[in-house]
Amino acid sequence: MRRILLTSALPYANGDIHLGYLLEAVQTDIWARFQKSRGHECHYVCADDAHGTPVMLRAEAEGVSAEDLIARMRGEHLRDLSAFGIAFDHYGSTHSPENRELSAEMFRKLRAAGRIAEREIEQLFDPERGMFLPDRYVRGECPRCGAAGQFGDSCEKCGGVYAAAELKNPVSVFSGAAPVRRSSRHYFLRLAADGDFLREWVFENIADPGGGEKTIPRLQKEAANKLREWLSGELRDWDISRDAPYFGFRVPDCEEEKYLYVWLDAPVGYMASFMQLCARGGMSFEDFWGENSAAELYHFIGKDILYFHALFWPAMLKNSGRRLPTRVFAHGFLTVNGEKMSKSRGTFITARRYAESGLPADALRYYYAAKLGDGIDDIDLNLGDFVLKYNGDLVGKFVNIASRVSRFLLEDFGGELDGEAQSGEGFSAVVAPILALSDSLARDYESRRYHSAMRSVMRAADSINGYLDEKAPWVMRKDKTKRAQLHQTCSAALRGFHLLTAYLLPVTPQLADDAAKFLQCGPPQWAGLSPLPAGHRVGEYRHLLRRMQNENARALIQAEESCA
RNA sequence: GGCGGCGUAGCUCAGACGGUAGAGCAGCGGAAUCAUAAUCCGCGGGUCGGGGGUUCAAGUCCCUCCGCCGCUACCA
């Protein structure tokens, strides 16, 4: 049995869960459910990312304490994610005692290892607000093209990149005051010292924990390419402290009021969340995070935060006596109808909006699965396509199988399956080929080629539908002498349906649950999966899914526009 | 500006190691009527963004151009 710990990136406490984040949560959740269904020990943890300037400012604007704000946001995030069947084993917060402790320990160990540098740096400072200004909070004219109202890091007009201090006529976004330069002592993670280690670690191949004979790359090809950019030169030190006012953890053993940068304690939040789970579940924290841990550790992330997880984080772990991630899985962004999600276009769809629209969570999960591969490409949610895929695949093909034969089984055989669970014509024509799919399907799931897995499952559903057309049980039914054949055909089709339900369970847990109720079996686990036995009795069939209407999907966008 | 990614049938996308272009949906033509206008069989449809190169052979490797997108470390 494998021991696996996996994480999704931490949702930030200053924003709502949207369909883009759900892409990641669903991708991770499918993998977690798959591993569990295969009988492995698997823990899926996540947490709210609670610290940083934006949270502090928003709390101020709302007139509430930061603690109250993040508690509320965490509740909303958890509610939204739960509505999509994201089954965390634990969902913590980076603003927790455990994380405070682990972050401080991390910092101290890094310092003891000689990896912390201190330097005076000069930054823009808002004299009215009395705070240093992150680049994002300074606007001014682009030093290259002169475009007005540009942010302090890059120009939207000409694409130029510069330092905030280079902006002409800069103003603070908060007060409108002209920022002044002021220097302050900052702490840095000395990344350059780990250049050789990172170049090795990032590009290295590892033994396949999934049992494959060949070694596999630690990172996806595209991800490795991206990292080559940083790794090809000298690595710069990473600024990991912020001056007050800031919402976060104090820098340990520092007399001035300085805070750990949110991105320092955010990944440590993975550890803290798991630590809380351990307290509940009896696992040993060190088994998973100790330097010589034999457990597997995976981070699912968006491609935008790759360097945090593949550069800073490994460096932090290595120099603090911790284990390193087994692999890091990056995915692309979500676009809606071919375009970047946009509030003004109404395509910035929140999880809540979707849930309230009444569209089934499994529909989105299935659609994502049908499009997700192991790459880093963006995924497009095309609403028309979305409706067609759900109706065509899940309703028309998959659920249709149960719908086609259940009445015959119920009316003619009292819901009982025939005696040939492991032999006979129906078995060899329908059941055996689906059993034989197991290994290649498992490989697809394991390597996150969900789209390939979904194609295989649907091809199998096609074959059952084809089998039913060929056998025409509705014709057999009129001939009393063909009663045994009728029984066999319907039983085989339903056994096939049951097996496919198990294959689909990681993707569509609600559907699998409902199907299991109809089949009167437990949630079909992949480990030890076998055809429903002779004489097994199924329940009365009620529609497991409803067809989706185009209007429902379109309303996702319209509804957003009306309140934009 | 630098670096990276993408560009394959009307649509959404597959295509490890280079070897005569694939799926689903849509369209067209049949069949069937058990099933949620669900199902099955068959058909048409692509200069694989343009151009050049390597090779007996390139969507697949190299160069170049065009288009779209992303990243560029103190936004998270």
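Chain naming here is simple, since letters A, B, ... match the order of the sequence lines and numbering starts at 1 in each.
- A close approach under 4.0 Å does occur between a side-chain nitrogen or oxygen of A:Trp238 and OP1 or OP2 of B:C74.
- Considering only side-chain atoms of A:Phe333, the nucleotide from B:C25, B:G5, B:G70 that sits closest is B:G70.
- Side-chain atoms of A:Asn382 lie closest to B:U12 of the nucleotides B:U12, B:A76, B:G5.
- Across residues 446-465 of chain A, A:Arg455, A:Asp462, A:Asn465 each have a non-hydrogen atom less than 4.0 Å from an atom of RNA chain B (numbered order).
- Without hydrogens or angle criteria, A:Asp48 side chain to A:Ala50 main chain gives no donor-acceptor distance under 3.5 Å.
- Here A:Lys397 reaches the OP1 or OP2 of B:C25: one of its side-chain N or O atoms lies under 4.0 Å away.
- A sub-4.0 Å separation between OP1 or OP2 of B:G4 and a side-chain N or O of A:Lys226 is absent.
- Between A:Tyr307 and B:U72 there is a side-chain polar atom (N or O) within less than 4.0 angstrom of OP1 or OP2.
- OP1 or OP2 of B:A35 has at least one side-chain nitrogen or oxygen of A:Arg407 nearer than 4.0 Å.
- Of the two residues near RNA chain B, A:Gly466 and A:Ala370, the one whose nearest nucleotide lies more 5' is A:Ala370.
- Spacing of P atoms, B:C61 relative to B:C6, comes out at 10 Å, to the nearest Å.
- Among the nucleotides B:A76, B:C69, B:A38, the one closest to the side chain of A:Tyr261 is B:A76.
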